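Since this is a predicted model, take the numbers as computed values, not measurements. Chain identifiers are assigned alphabetically (A, B, ...) following the order of the sequence lines, protein sequences preceding nucleic acid strands; residue numbering begins at 1 within each chain.
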Amino acid sequence: MVHVVLDGQSHEVAPDTRVLDFLRTQGRAPPSLCYHPKLGPLKTCDACLVVADGQVVRACATMVSEGLELDASSPMIVAAQRTAMDRIVENHEFACTLCDRNNGDCELHNTAVRFGIKEQHYRPKPYAMDETSPFYAYNPNQCILCGRCVEACQDVVVNEVIHIDWSLSPPRVVWDQGVPIDRSSCVSCGTCATVCPVDAMMEKSMRGRAAHFSNLAPETRDKLVHWTKEASPDLEPLWLTSELEAAARQGSIRRTKTVCTFCGVGCSFEVWTRGREILKVLPKTESPANGIATCVKGKFGYDFVNSPNRLTEPLARAGDRFVGVSWDEALDDIARRMTEIRDRYGPDSIGVIATCTGTNEEGYLTQKFARQVLGTNNIDNCARYCQAPATTGLFRTVGIGADPGTFVDIEQSDLVMTIGSNAAEAHPVLAGRIKRSQKLRKSKLVVVDPRRHELAQRADLFLAPRSGTDLVLLNAVAKYIIDQGWEAREFIAERTSDFAEFRDRLARYTLDFAEEVTGLPRADIVRMAEMFHAARSACILWAMGVTQHQNGSDTSTAICNLLLVTGNFGRPGTGGYPLRGHCNVQGVSDFGCLPGFLPGYQKIDDPDARARIEQEWGTPLPKTKGLTSTEFVDAILDGRIRALYILGEDKLLADADEAKVAKAFERLELLVVQDLFLTRTAEFADYVLPAAASLEKEGTFVNTERRLQRLYRAFPPLGQARTDGEIVTALARRLGANWSGTEPRAVLDEVARVTPMFAGASFDRLEGFSSLLWPIRADGVDTPVLHRERFNFPDGKARFHPVDFAPPTPTDAAYDLALDNGRLLEHFHWGNLTYEDAGIRSKVPGTFVEVSPPLAAERGLSEGDWVRLTSEAGSIQTRVHVTDRVPDRTLFLTLHDRADGAVNRLTRDVRDGPTTTPDYKGTRVRMERLESPGPLESPVPVTNPRGKIRRPQAGVRVEDKWARPDYRPPGS
Amino acid sequence: MARPIRSRPAPSSGSRPAALPETLGPELDASATSIRELLELVRLLEERGVLRFSSDVLRSEDRLVGVLTDRLDPVSIRRAVRNLEVLVRTFERLDPKTLAALTSGVPAALEEAHRAEGDRPMGLLEIATAVRDPEVNRGVRMVLGLLRGIGRSAGR
Ligand code: SF4
Ligand code: SF4
Ligand code: SF4
Ligand code: FES
């Protein structure tokens, strides 16, 4: 503690406190407009002036120190603050009653009112509003040039698009090299709009909708502002009317905390709604995983919730068409047919797939339905398609199949390596943290990937090994490190077992061998080893590029081995992080939707766990391990499975080899699909049940960090749609289960009773933006970093688990090109949700294949050409995008297609051994040019950010403002 | 053998907000024109934010009272009221065509404003009373009355 003197009185203050924050606690804060806790002091507004030890300083940029004497309110300093405020308000016309930003949280309005600003000399700027983005608009005439948007774009999300051009008169925010927003590299993350203290950078969804009277033609609005001013040039009446009007808005605007429904980063935010209308998504400083950041999907991608294409009533198959039926009819009939099938063929003739976009509580009820009501362990979820191999790698080596730390650890690490992950598009907010750490902390970034994607372009070392050979690279690096004597000896001795065997099994992975198999230059392999050696802490992040191979589990294991060799587990800033793809794929796995595990990864043959659950449920549990979701397909084809109940999974599109899955679906005696839309899978269903969206329900999600977060209901389900939990419960009761206490809060309490890992989880502890990382002790203490004291094995030691390289199953030489495939930033999987959004559609209207310039030249292909890709499994048609992001003989197909361009018409049903996850990424194809039906058109519209030139700089560059001839220093 | 079905039926009623029916039933058909005009007026009021404003004012009365009690300064309230008057009056001048329906409500609203002086005090009016400034008092009543008048003319 240090002592600070304010108005002659001494106060004890924590040493790392900003003077501004201290003054706020005393209710004596000066005005402040550019400072934001997530951005730090930008020093652009000069409003927060105080006198500290006789010097005029900015309170936001000054830390307290022992004996510091402060004056925040003498007439001299107040006059200085007022001058600064006058200069700020010259830039912004107060029309608060008509302003959509005035919802009680406009920082300029509030500051001006609190500070008693009575008049303004507004000076319009000679720039037009930029409304070219479908998502947000920039109004230079309202911009106070605080630079928050710039700081956020440059140094928080590190998209490096905007800057303030201080050399202009007057200055303004500029995109890239001075282009309209929709011709720039802007990825539409919306973080600039989130942090703007005024209405200058604002979500278009707010415009004309938040204020009562803002939906006016611009001329009318201008006239109105003019008349209001005429009636009273003094601002005081405006303050009161606008505050009354803003208070009245709260009568119909609702702010609901929720968690993003798309990827596994787990961004949380408030969603502002009026009725069912979504006004905006607002991430908060206290959002634990993302702070103020989002990506375009989370910030602007919620149109699907109110889409006219949503299912709003249960549908039943009647011959060759669907007819609408009542819930009673649908549920009665489903229950009757499920009972018949179970009685005739046994409980294991039914398979259940839980949704990884549902809540944990719904996941728990779904596996309870399978186990208790149907009597089968045939319960799985979409982790089977993506992350099961990563989980296996972690289970084998450290005993817990989940991310060992948090995003803070990744951001604090000296070295981050991503392998088989395009995080900047698939996990954009996490990628922002990695980019930030590299930019501001100078941490190192290694990227291993076939494609030169954004992180690869930014990497300190970028390696593109041959497809499927990552394991060889990882083993070779581990061997080289050991050969140099760089292994973490003390850590290995004290905290691991089986090192000797591991070391011996590496003998084959010499640099020569690695060079030959991976195609990488040995110098790069050595460089990677050196970078691990030099780093005090390292994290490795991986995703589908590792897991969706025949050796996905083994490569994941090799990653963990390398981290153990270098001592990078069990400390802050270290660990191996599989990046989960869906918002709650981690949670539904954690809550038991797996064929071999009960909730909390309790083995199905663990007698204690079985006893606990059997006692709670009052029924015996099925004993045999169930089938996985990919095995369901085989089991349908050979008659073991007769019925499937699929919640929120477009399995037809998600499994490898679409034709095989379609054949299986056609064989089913009963298919029940529960979803928001009539998906391709639902087309095969006997019953389609309309499900609720995340904004329409209560519950919790677990993000990729193991973080439990609550979501609250913003509005009721559309039409007759119901939550997955309500539907499963209604079905369970019709099948004779005596279920009560199935509302989300009670379900989480039940989970806490039967699952030691969640012993202390409860809705109360997760109130608002609070979150907990499992395991959660009964007293509510959670675990941000795993393995600190011991690893999850009986002896407490991590285990080296040697893994060997086996070349992938060969493909006919006629298929001469490797086909990589994956997500784009803007879309989510098959696009069932994101194609419903006009803005997103305008950025990425459809799927395409990336072809390298040399290959395009060799095959006579131009941008926009149509091609047919053919594999052993099938063929598709799509458009060509020529780009050097892909290496010469590798294609990259975006996976956002539901029909003729769907990637899984090409993938073979070859699987990773331990997990049965398909080898989606090991596909090989041949490519033929097709005659184009019309003129060639690029599949990447000009409004798409790809290929545009970013404009990086360090923050807002306030020094350039200070260098302007018209700049008057604070207090002058 | 379940073949895929590509389309879904048009949702049955109850799932989606129904469009205005062609006929309103024998008793109502007589006044169909006025009902349609009324709905059009409601739509206009909604479009212009007036409907929402009126209902929001009613829903947020406590918050409005809070804003006012925070600054019980008769002078500023008087000015604020003038400011509001300007705002509301300008609706007359906005867009003569589309607002014809709305403006026809204004005379009724002003009438209502005068009547409101005799009404049982509401929360907001209590504030006006507390200020004990006849002009402010009249102003607040006028604004509230005006809103109610607009609402009433919509309901007529
Ligand atoms: S990328 Fe675009 S939307 Fe995101 S902060 Fe930068 S300018 Fe704003
Ligand atoms: S647009 Fe940017 S610089 Fe302008 S007021 Fe908003 S945050 Fe500040
Ligand atoms: S999709 Fe992922 S990164 Fe984007 S807002 Fe949602 S959780 Fe965050
Ligand atoms: S808040 Fe300190 S300079 Fe802007």
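In this structure, chain B has a heavy atom under 4.5 Å from the backbone of A:R209, while its side chain stays farther away. Neither the backbone nor the side chain of A:L671 comes within less than 4.5 Å of any heavy atom of chain B.
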- Could you check A:D320 against B:R3 for side-chain contact (heavy atoms from CB on, under 4.5 Å), going step by step and ending with a plain yes or no? CA-CA 8 Å; A:D320 58 359; B:R3 310 291 307 178; over 6 Å; no

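Looking at every heavy atom in both residues, A:G324 comes nearest to B:P9 through N-CG, 3.8 Å.
The closest side-chain heavy-atom distance from B:P4 to A:R680 is not below 4.5 Å.
The 12-atom threshold is exceeded at CG of A:D328, counting heavy atoms of other residues, nucleotides or ligands nearer than 6.0 Å. Summarising the local packing, CZ of A:R114 is surrounded by more than 12 heavy atoms from other residues, nucleotides or ligands at distances under 6.0 Å.
Atoms CD1 and CZ, from B:I5 and A:R317 in turn, are 3.5 Å apart once rounded to the nearest 0.5 Å.
Results of the side-chain contact (heavy atoms from CB on, under 4.5 Å) test with B:R8 over A:L311, A:V323, A:V688 single out A:L311 as the only residue that passes.
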